[in-house]
Amino acid sequence: MLFLQLVLLVVLLLDGDSEDVFQEPISFRFILTLSLYNRSWTQNFASAWLDEMQTHGWNNKTGAFIFLWPWSKGNLSNEEVITAEESLYSNIVGMPQCFHDHFSEWRLEYPFQVQLAGGCELHFGEPSVGFMRIAHQGSDLVSFQNTSWWPSPTGGSRAQQFCRLLNEDHEGNELMHKLIINYCPRYLSSLLDAGKADLQRQGQSCSLPS
Ligand SMILES: *[C@@H]1O[C@H](CO)[C@@H](O)[C@H](O)[C@H]1NC(C)=O
Ligand SMILES: *[C@@H]1O[C@H](CO)[C@@H](O)[C@H](O)[C@H]1NC(C)=O
Ligand SMILES: *[C@@H]1O[C@H](CO)[C@@H](O)[C@H](O)[C@H]1NC(C)=O
Ligand SMILES: *[C@@H]1O[C@H](CO)[C@@H](O)[C@H](O)[C@H]1NC(C)=O
C-alpha cells in the first residue's frame, strides 16, 4: 500500500492529471498461469498488478474478478466488467485446449505451465506501450507486437507453429491490439484517478516540508 500512497500523494500535491506527473513509467499488467497436468486436468490462476501492487484476484470457479481495493474497478461500468470477465474466461478455457490439441505436434510433456502476461505502461510525455507475452515453462514463446503475434527467437518451431495458429484469428488480433493500446492505458489512468479520489475521501491531507 505504501507505494501507491506515495504515488498518489505526488498526484495530490501537484494536483495535476495523473498521466502528467509520472516521470517513471507506471504499468498495469495481467498475469495468467495455466498448469496442465494431463488432458483433463488444468489449474488456472490469474491476477492483475499496478506496478508491484496486486489490484485484482480471480475466482477460478466462477470466473469473477476479485477487486482487492475500493478503487480496483477504476471507472469500468458493471457491464464492462462482465464483458472483460467473459472474454478472459473464454480465453482461459480455449488456451489449454489449444495446447492439448497440439500436444504431440509441439512435442510437449505433461505436466507443463503456460504463462500469459499482458498490459500496458504509461510513460511520461510519450505514447503508452502495450504488451502481451506467452511463455512455456518460463521461456518466452510468442509476443504480440503492433497487430500480430511474433515467435520468440528462442522458441523454435513450437513458437512458430503456435504463432501461425494465433495469427489465423484476425479479429482476435485486432481486439488484442485495441485492448492493450486503447483500453488498457485508459483503464490504468482511471485506476490512478480512482485511487486518488479514494485517498482524498480518506481525508489524508499532508503537507511536505518545504
Ligand atoms: C489427470 O491428473 C490427475 C491428477 O494427477 C489425476 O487425478 C487424473 O486421474 C488424471 N486424468 C487422466 C485422464 O489421466
Ligand atoms: C482454483 O484455485 C485453487 C487455489 O486457490 C486451486 O486449489 C484449484 O485447483 C484451482 N482450480 C482450478 C480449476 O484451477
Ligand atoms: C511496429 O511498428 C513500428 C512503427 O510502425 C515499427 O517501427 C516496428 O518495427 C514494428 N514492429 C514489428 C515487430 O513489426
Ligand atoms: C475512464 O477514464 C479514462 C481515463 O481517465 C477515460 O479516458 C475514459 O473515457 C473513462 N471512461 C468512462 C466510461 O468514463
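Numbering starts at 1 and runs along the sequence shown. Values below: all heavy atoms of this structure, side chains included; hydrogens, waters and symmetry mates excluded.
- Criterion: ILVMFWY side-chain heavy atoms under 4.5 Å apart, direct or through other members. Under it, Leu68 and Trp71 are part of a common hydrophobic cluster.
- Cluster annotation: Leu165 is connected to Met95 through the hydrophobic network of ILVMFWY side chains, with a link wherever side-chain heavy atoms come within less than 4.5 Å.
- Using modelled atom types, one finds no donor on one side chain facing an acceptor on the other under 3.5 Å when comparing His56 with Gln54.
- A distance of 7.5 Å separates OG of Ser27 from CG of Leu188, quoted to the nearest 0.5 Å.
- Note: the hydrophobic cluster containing Tyr187 does not contain Ile31 (ILVMFWY, side chain heavy atoms under 4.5 Å, direct or indirect links).
- Inspection of the Gln113 and Ser35 side chains reveals an N or O donor paired with an N or O acceptor under 3.5 Å.
- Residue-environment remark: CD (Glu126) exceeds the threshold of 12 foreign heavy atoms within 6.0 Å.
- Residues Arg186 and Asp193 are not paired through a salt bridge, judged by the lack of any N-O separation under 4.0 Å between the basic side chain and the carboxylate.
- Val129 and Trp150 fall into different hydrophobic clusters, defined by Ile, Leu, Val, Met, Phe, Trp and Tyr side-chain heavy atoms under 4.5 Å apart, directly or through other members.
- Note that CG of Leu175 is 10.5 Å distant from CG of Asn182, once rounded to the nearest 0.5 Å.
- A side-chain contact (heavy atoms from CB on, under 4.5 Å) with Cys163 is found for one member of Ser148, Pro151, Ser152, Ser143 and no other, namely Pro151.
- Side chains of Glu80 and Ser77: a donor on one and an acceptor on the other come within 3.5 Å.
- Aromatic ring centroids of Tyr37 and Phe112 lie 6.0 Å or more apart.
- Taking the six-membered ring for Trp and the full ring otherwise, Trp106 and Phe162 have centroids separated by under 6.0 Å.
- Follow the hydrophobic side-chain contacts under 4.5 Å out from Leu141 and you reach Leu108 in the same cluster.
- Between Ser190 and Asn75, the side chains place a donor N or O and an acceptor N or O closer than 3.5 Å (distance only, hydrogens not considered).
- Between His177 and Tyr183, the gap from one ring centroid to the other reaches at least 6.0 Å.
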